[in-house]
Q: 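Here's a structure for you.
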Amino acid sequence: MRWHSSEQGWISPAVFIPVAEQTGLIERLGQLVLHRACRDAASWPDEARVAVNISAAQLGQGTLAGLISTALQASGLPATRLEIEVTETALVNDESRVMEELHQLRAMGVHIALDDFGTGYSSLSHIRSFPFDKIKIDGSFVRDSTTRPDCAAVVRAIADIGHRLGVTTVAEGVETQEHLDAIRAEGCQEIQAMSMPGPSPSPMTARP
């Protein structure tokens, strides 16, 4: 999602999403995104899945399962073709309620991904307490994995944990062939390329 300002051009969601959260507009914005994503994905090939980021402000309120169910029914998209991405920030506040909500989504057939893992509130207990379908390794480690052995070691460790737990690992922020070669060598199963601002941004997830 991008916002185009007549004065400032393309505005990153990193700028306007926090404002939407602070003003309470994130609920309406999240509903719009879910319905649009499900409607668009319903016309894609049957094996294609759409991933939607969920704000921490949307979790733990007890309304997300109903919102997603409505979007799936309206679009005709099977629940198994929707993937919800949450950050660990969302798990910190009222963790028990958030986990309960994620289990409701899992029971519906929705896939759950843990986004930006490795920074902020990263905790192995979160991986243990909820069976995530994917762990997405933060792009800061991926970008530096070709020049810094410590970052490469972090990527390798997370990929190994994912493999042992039967969880798909996704390397975020892949920008070059060198990055791709490096994360392949470390054992990551999927990549997410960088998305550029513009009228039709399209982050891509593909198996290397």
Q: Hey, mind stepping through Val50 and Trp44 against side-chain contact (heavy atoms from CB on, under 4.5 Å) and telling me if it holds?
A: CA-CA 9 Å; Val50 63; Trp44 298 351; 3.8 Å; yes
Q: With side-chain contact (heavy atoms from CB on, under 4.5 Å) as the criterion, how do Thr70 and His35 come out once you've worked through the C-alpha distance, each side chain's angles and the decisive distance to 0.1 Å?
A: CA-CA 8 Å; Thr70 300; His35 278 264; 4.0 Å; yes
Q: Side chains of Pro13 and Arg2, heavy atoms from C-beta outward: is any pair under 4.5 Å?
A: yes
Q: Any donor and acceptor pair, going by atom type alone, linking the side chain of His111 with main-chain N or O of Asp133 inside 3.5 Å?
A: no
Q: Donor-acceptor check, side chain of Glu101 to backbone of Thr63, threshold 3.5 angstrom: yes or no?
A: yes
Q: Quick one: pull up CG in Leu34 and CZ in Arg39 and give me the separation to the nearest 0.5 Å.
A: 11.5 Å
Q: Are any of the side-chain heavy atoms of Ile68 and Met108 separated by less than 4.5 Å?
A: yes
Q: Is there a donor-acceptor pair closer than 3.5 Å between any side-chain N or O of Arg49 and the backbone N or O of Arg81?
A: no
Q: What's the separation between atom CZ in Phe117 and atom CD1 in Ile158, rounded to the nearest 0.5 Å?
A: 5.5 Å
Q: First locate atom NZ of Lys136, then atom CD of Glu85, and finally report the distance between them rounded to the nearest 0.5 Å.
A: 3.0 Å
Q: Answer yes if Ile17 and Val19 sit in the same cluster of Ile, Leu, Val, Met, Phe, Trp and Tyr residues linked by side chain heavy atoms under 4.5 Å apart, and no otherwise.
A: no
Q: Atom CZ of Phe16 and atom CD1 of Ile26: how far apart are they, to the nearest 0.5 Å?
A: 8.5 Å
Q: Less than 4.5 Å apart, side chain to side chain, heavy atoms only: is that true for Val33 and Asn53?
A: no
Q: Calculate, to the nearest 0.5 Å, the distance between atoms CD and CD belonging to Glu27 and Glu21 respectively.
A: 10.0 Å
Q: Would you call Arg164-Asp160 a salt bridge at under 4.0 Å N-O?
A: yes
Q: When you look at Leu67 and Gln31, which way does the side-chain contact (heavy atoms from CB on, under 4.5 Å) test go after all the steps?
A: CA-CA 7 Å; Leu67 177 62; Gln31 183 177 15; 3.4 Å; yes
Q: Under the side-chain contact (heavy atoms from CB on, under 4.5 Å) criterion, do Val155 and Cys188 qualify, and how do the steps go?
A: CA-CA 8 Å; Val155 172; Cys188 291; 3.7 Å; yes
Q: Quick one: list whatever passes side-chain hydrogen bond (donor to acceptor under 3.5 Å, both in side chains) with Gln73, sequence neighbours left out.
A: Ser69
Q: If you group Ile, Leu, Val, Met, Phe, Trp and Tyr by side-chain heavy-atom gaps below 4.5 Å, do Ile11 and Leu25 land in one group?
A: no
Q: Would you mind reporting whether Leu59 and Ile54 have side-chain heavy atoms less than 4.5 Å apart?
A: yes
Q: Within the distance-only criterion (no hydrogens, no angle test), does the side chain of His163 pair as donor or acceptor with the backbone N or O of Ala159 below 3.5 angstrom?
A: no
Q: Of all heavy-atom pairs between Leu82 and Val110, which one has the smallest distance, and what is that distance?
A: O-CG1, 3.5 Å
Q: Answer yes or no: are there more than 12 heavy-atom neighbours, outside Arg36 itself, under 6.0 Å from its atom CZ?
A: no
Q: To the nearest 0.5 angstrom, please state how far the CG atom of Asp116 sits from the OG1 atom of Thr87.
A: 6.5 Å
Q: Quick check: is Val86 connected to Leu165 through a chain of hydrophobic side chains (ILVMFWY, heavy atoms under 4.5 Å apart)?
A: yes
Q: Quick check against the 3.5 Å criterion: does Gln189 have a side-chain atom that pairs as donor or acceptor with the backbone of Thr169?
A: yes
Q: Run the salt-bridge test on Glu190 and Lys134 with the 4.0 Å N-O cut-off and return the result as yes or no.
A: yes
